[in-house]
Structure formats: C-alpha cells, structure tokens
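Okay, structure first, notes after.
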Amino acid sequence: RAFVTRAIDAMGGVNALTDVKTLAVKGTARQWDPEQSLVPGGETRFANESTFTSAADVGAGAMRIDWVRNFSYPAPRSFTYTEIVTREAGYVAGIDTTGRNKQSLDSNPPAHTMSSLRLAAFQREARRSSPLLLLEMQRNPDRVGQVGDVAVGGASYPAVEYRTADTRYTVMFDRASGLPARIRTLDYDNIWGDVPYDLVLSDWQVLDGVRAATTQRYELGGRLVMETKIADLKKNIPIGAGQLAIPHVFRARAARPAT
C-alpha cells in the first residue's frame, strides 16, 4: 500500500485527484494486428489510426468517446461513430464496422447496443487507463495485495495486485519516480492462450492540474498492439445534458457487462 500512496503523491496528491469530477481528453490512437504477419511470429501489421475526444463523469460512472477511425488494413475505409458507456450498458451511435448487426441495420440513424463482452472490455480498459485508478485503490485497501517484484524485459518493478469484481490488475511502479509504469491483466488469445496484456505508461505531464501519462502503449505478450497519445486533458468542464445518455429504446434492451 505504500507504493499506492507514493504514486498518488507523485501524481499531485489525494486532494488534486479527488477534485476531479469530469475529464475531457483529446488524442490519437494507432493499432496493429500481431496475427496478420506473413510468417509465424513475424512483424505486426499496421491496422488503423484514429483521432478521438472523450468525456467522462466520474461520479456517474459514465463515459463517451467520439471516434474518427481510418483503416489501412485489410482495406482502406473510415468509420465515424460514438461510444457511450455507463455502469449498466453500452451503446454505439453510427457505423463502427463493415459487419453490421441486425440492430444497426434496422436503426435509422444507424446505432446498436454493445455486446456484454465489448462492454466489459471497455469498462476494464477505462479503469486501467484512468488517472484516478490509484485513488480508487487507496479507497479500497482490502482489494490491494502485495505481489513482489515483476520482471519485464530485463527490468524489475515493485508491484501490487488490485482486485475488482471481475478483473485482477497488476500495477507495477517505477522505482525512481514512484509513478505507475505498467498495468497488467491476464488476457486470453485464441492462438497464444493465456498471455499478459500490459498498459505501459510514459511521458508524464501535468495537464490542467492533473498529472497524466500522455503516451500509453498496449502490449499483448510483449508485442505492441496499440499506442495512444494524449494531446489535451481538461478537468471539471461541464458535460451537456444528454451527452452521456443512452436512448431508452436501446438502454432497455442492452446487455449487462460480462463477468
């Protein structure tokens, strides 16, 4: 628990993090597919690049991401859509795939609810990448456990485990700064089996009073699959009425998050 306290202090302290009620973020993202190489274990194939803006209400547990996603592989195409997620449901406004489901095809304008797996994955990653994760851990000390040092790529990190209702996060800390360096879950891949899935945090900057990692790299089994760059972050800006609302006709039929 001392590691959690030190990390919170390095991020500005309890008061600074507690002051955050809403977060608005702008950034870019790039994704690679590690299983589309021409040879086994070969170089990952670049898939797409995106711009996004997000808005999150911390108290309500609701988040919105507006995406413009441009694919290079397997064929050039672009999707512009919005994801809205609450604690109970997930919703997509717009077209986010070529493989549209019946609900999307029948809706005008196009929209659909998220599957239970997509919703659970979104919620897992929103918690993992949040600058408020450490504050949540401090508030729930019974869910935090020591796991000893974890070795990754020749480096060794002091680490703790944080358990939520359906996920175990291994949070590794930089020895020099005390800041979180990697946040790991155990994922399943249909070829590799159980494999570590890491969010690697770097380029820490203070944006609108919040110290955040402006480079966030996702590694699956040590291979880069996604990189996010945060260009701007603002706290406590008003979020317009309805911006985080899922229309009732979709909310009533939405799947609950998978467990």
Side-chain angles (χ1 to χ4, degrees), residues 1-12 17 25 27-37 39-47 49 120-138 140-141 143-164 166-206 210-230:
R1 293 176 181 84
F3 295 122
V4 175
T5 300
R6 186 185 178 209
I8 289 174
D9 290 342
M11 295 174 70
L17 296 179
V25 176
T28 60
R30 297 187 297 164
Q31 291 181 302
W32 292 262
D33 192 330
E35 294 173 359
Q36 293 298 319
S37 172
V39 295
E43 183 177 354
T44 58
R45 186 185 291 269
F46 179 72
E49 58 185 347
F122 186 110
Q123 292 174 334
R124 181 189 71 180
E125 296 313 312
R127 173 179 271 123
R128 188 201 306 251
S129 61
S130 172
L132 303 182
L133 173 63
L134 275 295
L135 186 63
E136 179 184 332
M137 293 168 64
Q138 187 183 63
N140 297 278
R143 300 180 186 175
V144 179
Q146 198 82 17
V147 295
D149 289 0
V150 177
V152 183
S156 179
Y157 301 92
V160 300
E161 181 182 78
Y162 181 56
R163 302 176 301 277
T164 65
D166 51 17
T167 304
R168 291 176 179 262
Y169 299 92
T170 301
V171 183
M172 307 175 216
F173 301 92
D174 179 75
R175 293 185 187 275
S177 68
L179 291 164
R182 287 177 175 262
I183 304 176
R184 171 174 291 181
T185 56
L186 187 63
D187 219 45
Y188 174 76
D189 183 87
N190 62 344
I191 294 176
W192 299 339
D194 290 340
V195 63
Y197 185 36
D198 289 4
L199 170 59
V200 185
L201 305 169
S202 61
D203 297 334
W204 290 83
Q205 298 180 30
V206 177
V210 179
R211 193 170 191 188
T214 59
T215 298
Q216 303 180 5
R217 294 165 61 91
Y218 292 83
E219 296 179 357
L220 184 67
R223 308 184 76 185
L224 179 65
V225 294
M226 182 173 176
E227 181 180 72
T228 299
K229 294 281 190 178
I230 304 301

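Since the model is a prediction, treat every value here as computed from it, not as a measurement. These values consider heavy atoms only, across backbone and side chains, with no hydrogens, waters or symmetry-generated copies.
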Could you check whether any side-chain N or O of Arg211 sits under 3.5 Å from a backbone N or O of Pro131, counting only pairs where one atom can act as donor and the other as acceptor? no

Asn140 side chain vs Arg143 backbone, donor-acceptor pair below 3.5 Å: no

Are more than 12 heavy atoms, taken from residues, nucleotides or ligands other than Glu43, located less than 6.0 Å from that residue's CD atom? no

Apply side chain to side chain donor-acceptor pair (under 3.5 Å) to residues Lys229 and Thr215 and explain how you reach the verdict. CA-CA 5 Å; Lys229 294 281 190 178; Thr215 298; 3.0 Å; yes

Shortest non-hydrogen separation from Pro34 to Thr44 and the atoms involved: CA-CG2, 3.4 Å

Working to the nearest 0.5 angstrom, can you tell me the gap between Met11 CE and Leu134 CG? 5.5 Å

Nearest 0.5 Å, please: how far is CD1 in Ile8 from CG in Leu179? 11.5 Å

Taking atom CG of Asp203 and atom CZ of Arg217, what is their separation to the nearest 0.5 Å? 10.0 Å

Do Ser156 and Arg175 make a side-chain contact, defined as non-hydrogen atoms from C-beta onward lying under 4.5 Å apart? yes

Identify the two heavy atoms, one from Ala7 and one from Pro180, that lie closest to each other, and give their separation to 0.1 Å. CB-CD, 4.1 Å

Exam field: side chain Thr185 to backbone Asp187, donor-acceptor pair closer than 3.5 Å: no

For side-chain contact (heavy atoms from CB on, under 4.5 Å), just list the numbers for Gln31 and Tyr218, CA-CA rounded to whole Å, side-chain angles, deciding distance to a tenth of an Å, and then say yes or no. CA-CA 9 Å; Gln31 291 181 302; Tyr218 292 83; over 6 Å; no

What distance separates Thr5 OG1 from Met137 CE, expressed to the nearest 0.5 Å? 10.0 Å

Quickly, which of Arg124, Arg128, Arg127 forms a side-chain contact (heavy atoms from CB on, under 4.5 Å) with Thr167? Name it, please. Arg124

Do Val195 and Arg223 have side chains that get closer than 4.5 Å, going by heavy atoms? no

Hey, are the side chains of Tyr162 and Leu133 touching, using non-hydrogen atoms and a 4.5 Å cut-off? yes

Are the side chains of Asp194 and Tyr188 in touch, meaning some heavy atoms are under 4.5 Å apart? yes

Of all heavy-atom pairs between Phe3 and Pro158, which one has the smallest distance, and what is that distance? CZ-CB, 3.5 Å

Taking the side chain as every heavy atom from C-beta outward, state whether Val160 and Arg1 have any atom pair closer than 4.5 Å. no

Could you tell me if the side chain of Tyr157 sits less than 4.5 Å from the side chain of Arg182, heavy atoms only? yes

Could you list the residues that satisfy side chain to side chain donor-acceptor pair (under 3.5 Å) with Arg168, not counting sequence neighbours? Glu161

Mind checking whether Trp32 and Phe46 have parallel, tilted or perpendicular rings, split at 30° and 60°? perpendicular

For Ser129 and Gln216 the tightest heavy-atom approach is CB-OE1, 3.7 Å

Minimum heavy-atom separation for Thr170 and Val147, please, with both atom names. CG2-CG2, 4.3 Å

Can you name the closest pair of heavy atoms from Arg6 and Ala176 and give their distance? NH2-O, 2.9 Å

Where do Tyr197 and Val225 land on the side-chain contact (heavy atoms from CB on, under 4.5 Å) test, with the steps shown first? CA-CA 10 Å; Tyr197 185 36; Val225 294; 4.1 Å; yes

For Asp33, the side chain to side chain donor-acceptor pair (under 3.5 Å) test, sequence neighbours excluded, returns none

I'd like to know if Glu49 and Arg30 make a salt bridge, using a cut-off of under 4.0 Å between side-chain N and carboxylate O. no

Hey, mind stepping through Asp189 and Glu35 against side-chain contact (heavy atoms from CB on, under 4.5 Å) and telling me if it holds? CA-CA 10 Å; Asp189 183 87; Glu35 294 173 359; 2.7 Å; yes

Take Ile230 and Val25 through the test side-chain contact (heavy atoms from CB on, under 4.5 Å) and record every step on the way to the result. CA-CA 7 Å; Ile230 304 301; Val25 176; 3.6 Å; yes

Side chain proximity check, Ile183 to Leu201, heavy atoms < 4.5 angstrom: yes

Qualifying residues under side chain to side chain donor-acceptor pair (under 3.5 Å), relative to Tyr169, sequence neighbours excluded: none

